[in-house]
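What's counted below: heavy atoms across the whole structure, side chains too, no hydrogens, waters or symmetry copies. The first residue of the sequence shown is numbered 1, and numbering continues consecutively from there.
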Amino acid sequence: MNKFRLLVALTVGMSASLANAQTKISRGIHLNADGAIRIYNLGGSVKVTGWNRDSVSVRGTISKGSVFHMGGGDAGMKMFVEDMDERNPGPAMLEVFVPVKAKVWVKTATAGIDVSGVNGSLDLYVVSGAITVGGSPTDVNAEAIDGSIRINGSPAWIRAKSASGDVSLDGKSPDVTLSTVSGRIQVRGSQFEKAKFESVTGDIRFDGSFERGGLVNFDSHSGVIDLGILPSSPADLDVVSIAGTITNKLTSKKPAAGRYGRGAELVTSTGVGGVQVVVRSFKGPVTLRPTK
């Protein structure tokens, strides 16, 4: 057998082994339009999509030897993958369709979570996988240990935090808190009224605008804080860096020396009656700049 035929044989053999190691699933159950759903899956992936039906449909694959459980009633249901070896679980790939207004709870270990088109409440937890949310849920509570969190859309309420992963928001929300320890925070959007963005060693980058009469806080210990503010968005800024520098490209006001002989302070405004923006950094640099 020549090398080409050997390679083909090996590829076919590997594909057959992988296919044999997976079991396909396809289930469905009735659920009220605003019903609650709980999904638990250790490894693999969970993709949740909202649809205009009073039912839940799940399809995908689980590892051979694993067992898929699903059940419940009209008001609430749950599904989970039971693996014989919880320390080394095989991957389960679940694609779940739920009513648009459903309340969704998902918990995984290494499985990534992707939710889109759901307008109800979202509670999402992961250890080392990534969380992605798209659309306009009523509220989003997302937590990760080593994983990243990315939100694209306009949830009415957001709480997202990670230990070492990045947290990003591209959209708008009147009430939002994003936090991380060593990851980065990146925000691009508008209509922020009550907001808090905080990190310990990670950088914070913001590009957007605020709602009048609101309160927005930026807080970091040693990360860079880079704020791009839309010129047409009035803001009253109170900026302090205990041991770092402040660069102001937003207004003509120059930073003053810190009151303790180091660092810098700045109080400035981009208009009248704007949102109160409080920026605090211990030793990281702070930059204010206009953005488009």
Side-chain angles (χ1 to χ4, degrees), residues 37 39 41 45-51 95-98 100-108 110-200 202-211 214-220 223 225-230 233 291:
I37 302 156
I39 303 171
N41 180 26
S45 65
V46 177
K47 182 178 181 180
V48 181
T49 304
W51 66 355
E95 184 176 11
V96 187
F97 294 88
V98 305
V100 169
K101 298 180 181 180
K103 306 174 187 69
V104 180
W105 179 96
V106 184
K107 185 174 184 179
T108 75
T110 60
I113 301 173
D114 187 332
V115 183
S116 62
V118 178
N119 295 339
S121 299
L122 302 180
D123 281 313
L124 312 173
Y125 305 86
V126 67
V127 176
S128 60
I131 296 176
T132 302
V133 176
S136 302
T138 301
D139 53 80
V140 177
N141 183 42
E143 297 184 20
I145 303 299
D146 297 325
S148 62
I149 301 173
R150 182 172 58 191
I151 300 172
N152 299 307
S154 305
W157 184 92
I158 302 172
R159 297 294 182 269
K161 60 182 179 180
S162 177
S164 60
D166 297 341
V167 181
S168 67
L169 169 62
D170 190 344
K172 55 187 178 181
S173 178
D175 191 340
V176 54
T177 298
L178 307 183
S179 63
T180 180
V181 176
S182 58
R184 295 172 298 173
I185 293 178
Q186 186 161 342
V187 181
R188 185 174 183 86
S190 61
Q191 296 185 6
F192 298 110
E193 183 175 354
K194 180 184 177 183
K196 180 181 292 186
F197 308 103
E198 53 189 1
S199 73
V200 178
D203 297 342
I204 300 175
R205 181 183 175 91
F206 176 91
D207 286 275
S209 62
F210 312 109
E211 287 293 294
L215 174 62
V216 180
N217 288 272
F218 297 88
D219 195 334
S220 180
I225 301 180
D226 182 7
L227 304 185
I229 300 174
L230 199 67
S233 178
T291 190

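Scored by the ring pair (Phe, Tyr, Trp, His ring centres under 6.0 Å) test, W157 finds no partners at all (sequence neighbours excluded). Partners of S220 according to the side chain to side chain donor-acceptor pair (under 3.5 Å) rule, which considers only residues two or more places apart in sequence or in another chain, are S199. Under the side chain to side chain donor-acceptor pair (under 3.5 Å) criterion, D170 pairs with no residue at all, not counting sequence neighbours. In terms of the side chain to side chain donor-acceptor pair (under 3.5 Å) criterion, residue partners of R205 (sequence neighbours excluded) are, by chain and number, D207, D226. Residues satisfying the side chain to side chain donor-acceptor pair (under 3.5 Å) criterion with N141, sequence neighbours excluded, are D123, Y125.
If you check the side chains of D146 and S164, you find a donor sitting under 3.5 Å from an acceptor. A donor-acceptor contact under 3.5 angstrom links the side chains of S121 and D139, judged on distance only.
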Which pairs would a plain distance check flag for residues 185-196, meaning a side-chain donor or acceptor within less than 3.5 Å of a matching protein atom at least two apart in sequence or in another chain?
none

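Between F218 and F206, the ring planes lie perpendicular to each other; the angle is over 60°, past the 30° to 60° tilted range.
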Do T132 and D114 pass the side chain to side chain donor-acceptor pair (under 3.5 Å) test, and can you show the C-alpha distance, the side-chain angles, and the key distance before you say yes or no? CA-CA 5 Å; T132 302; D114 187 332; 5.1 Å; no
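Remark: the backbone N or O of N119 is paired with a side-chain donor or acceptor of T138 at under 3.5 angstrom. Between the side chain of S209 and the backbone N or O of S233, no donor-acceptor pair lies under 3.5 Å.
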